[in-house]
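Report on the following structure.
Since this is a predicted model, take the numbers as computed values, not measurements.
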Amino acid sequence: MNENIQELGFFDVIEARRSVEIFDQESPFDHQIVQKCLEAATLAPNSSNLQLWEFYRIPESSALKKPLDQLCMKQKAASTARELVVVVTRRDKWKSRTKANQVYDRINRNLRDKKSALDNGIKNSINISDLKQKIEKVEEFKM
């Protein structure tokens, strides 16, 4: 029952959406809501968890805002917006992100195997410094 209510709410939002062509400069605007939405967007599932996107927030006070307005074909929606969000796909990152995911998967498999061995009563020691080095490698690949 709860799923149906949530589903209806979702479709109500989709069907009630509208296009804004000129934003009211006098109405309140919360920049933190934009930040929260972008943080939520980064959690979206994607192929192999590669996350090849980057989001750039361009507030109205930025020197980049006017040139971006021009790139948006001088549309009023862009020129009157308090913030623009530029989404960039980083195809150049797929190899490093794939490698980082493979290292992460290997570490997880290793930890699962060790946990399973411990759960089965087999005494097996985990080398903590070794594990820290592996985690640092994963962090390096993600950058």
Side-chain angles (χ1 to χ4, degrees), residues 1-120 122 124 126-143:
M1 177 70 178
N2 193 18
E3 288 178 8
N4 291 338
I5 292 170
Q6 288 176 342
E7 185 176 308
L8 286 175
F10 172 77
F11 287 109
D12 288 341
V13 169
I14 297 298
E15 291 170 4
R17 64 112 178 104
R18 60 191 172 90
S19 174
V20 176
E21 295 180 17
I22 298 176
F23 290 96
D24 180 3
Q25 299 300 303
E26 302 302 317
S27 65
F29 183 81
D30 186 352
H31 293 272
Q32 288 305 310
I33 291 175
V34 175
Q35 179 67 32
K36 285 181 182 179
C37 289
L38 292 177
E39 287 170 2
T42 63
L43 300 175
N46 58 92
S47 178
S48 300
N49 198 30
L50 294 180
Q51 300 173 339
L52 298 177
W53 55 70
E54 293 177 357
F55 297 97
Y56 295 94
R57 293 174 58 199
I58 313 298
E60 59 192 339
S61 59
S62 171
L64 295 173
K65 177 77 167 57
K66 290 257 187 247
L68 283 173
D69 292 346
Q70 299 299 309
L71 290 172
C72 293
M73 300 180 292
K74 302 178 187 177
Q75 295 179 66
K76 286 287 187 192
S79 63
T80 61
R82 302 274 181 88
E83 276 193 36
L84 296 175
V85 176
V86 178
V87 182
V88 177
T89 302
R90 294 293 307 269
R91 291 179 15 181
D92 61 313
K93 299 265 186 192
W94 77 269
K95 284 184 182 178
S96 63
R97 302 267 169 90
T98 298
K99 193 170 186 178
N101 284 342
Q102 289 169 345
V103 169
Y104 179 79
D105 288 344
R106 230 175 302 137
I107 290 170
N108 270 345
R109 261 194 314 277
N110 191 0
L111 289 174
R112 276 194 309 269
D113 291 347
K114 287 186 184 248
K115 184 182 181 312
S116 176
L118 288 171
D119 288 346
N120 290 327
I122 301 170
N124 200 344
I126 298 174
N127 185 336
I128 299 299
S129 64
D130 203 29
L131 182 60
K132 285 181 182 178
Q133 287 177 346
K134 289 178 181 180
I135 290 171
E136 287 171 3
K137 277 187 178 180
V138 170
E139 293 303 319
E140 286 176 27
F141 285 121
K142 286 187 176 181
M143 290 181 193

Could you measure the distance from the NZ atom of Lys36 to the CG atom of Asp30? Nearest 0.5 Å is fine. 7.5 Å
Apply salt bridge (charged side-chain N to carboxylate O under 4.0 Å, His left out) to Arg109 and Asp105, showing your working. CA-CA 6 Å; Arg109 261 194 314 277; Asp105 288 344; 5.2 Å; no
Residues Glu21 and Thr80: closest non-hydrogen pair is O-OG1, 4.3 Å
Donor-acceptor pair, distance only, cut-off 3.5 Å: does the side chain of Lys66 make one with the backbone of Glu60? no
Is it the case that the side chain of Arg82 and the backbone of Gln25 share a donor-acceptor pair, with hydrogens and angles ignored and the cut-off at 3.5 Å? yes
Can you find a pair of side-chain heavy atoms, one from Arg91 and one from Thr89, that are under 4.5 Å apart? yes
Are Tyr104 and Gln102 linked by a side-chain donor-acceptor pair shorter than 3.5 Å? no
Which value, rounded to the nearest 0.5 Å, describes the distance between Leu52 atom CG and Ser96 atom OG? 8.5 Å
Check whether any side-chain heavy atom of Asp69 sits under 4.5 Å from a side-chain heavy atom of Lys74, and report yes or no. no
Main-chain N/O of Cys72 paired to Gln75 side chain as donor or acceptor, under 3.5 Å: yes
In sequence, state the C-alpha distance, the side-chain angles, and the governing distance for Val88 and Tyr56, and then conclude on side-chain contact (heavy atoms from CB on, under 4.5 Å). CA-CA 8 Å; Val88 177; Tyr56 295 94; 3.8 Å; yes
Please state whether the rings of Phe29 and His31 are parallel, tilted or perpendicular, taking 30° and 60° as the class boundaries. perpendicular
Donor-acceptor contact present, side-chain Ser62 to main-chain Pro59, <3.5 Å: no
With the side chain counted from C-beta on, respond yes when Glu83 and Ile58 share a heavy-atom pair under 4.5 Å apart, and no when they do not. no
Heavy atoms only: give me the nearest Phe55-Ala41 pair and the separation to one decimal. CZ-CB, 3.9 Å
State whether the number of non-hydrogen atoms from other residues, nucleotides or ligands found under 6.0 Å of Trp94 atom CH2 is greater than 12. no
Is the side chain of Arg112 donor-acceptor paired with the backbone N or O of Ile107 at a distance under 3.5 Å, no angle test? no
Taking atom CD of Gln70 as the centre, report whether more than 12 heavy atoms of other residues, nucleotides or ligands fall under 6.0 Å from it. yes
Heavy-atom distance under 4.5 Å between the side chains of Thr42 and Gln51, does that happen here? no
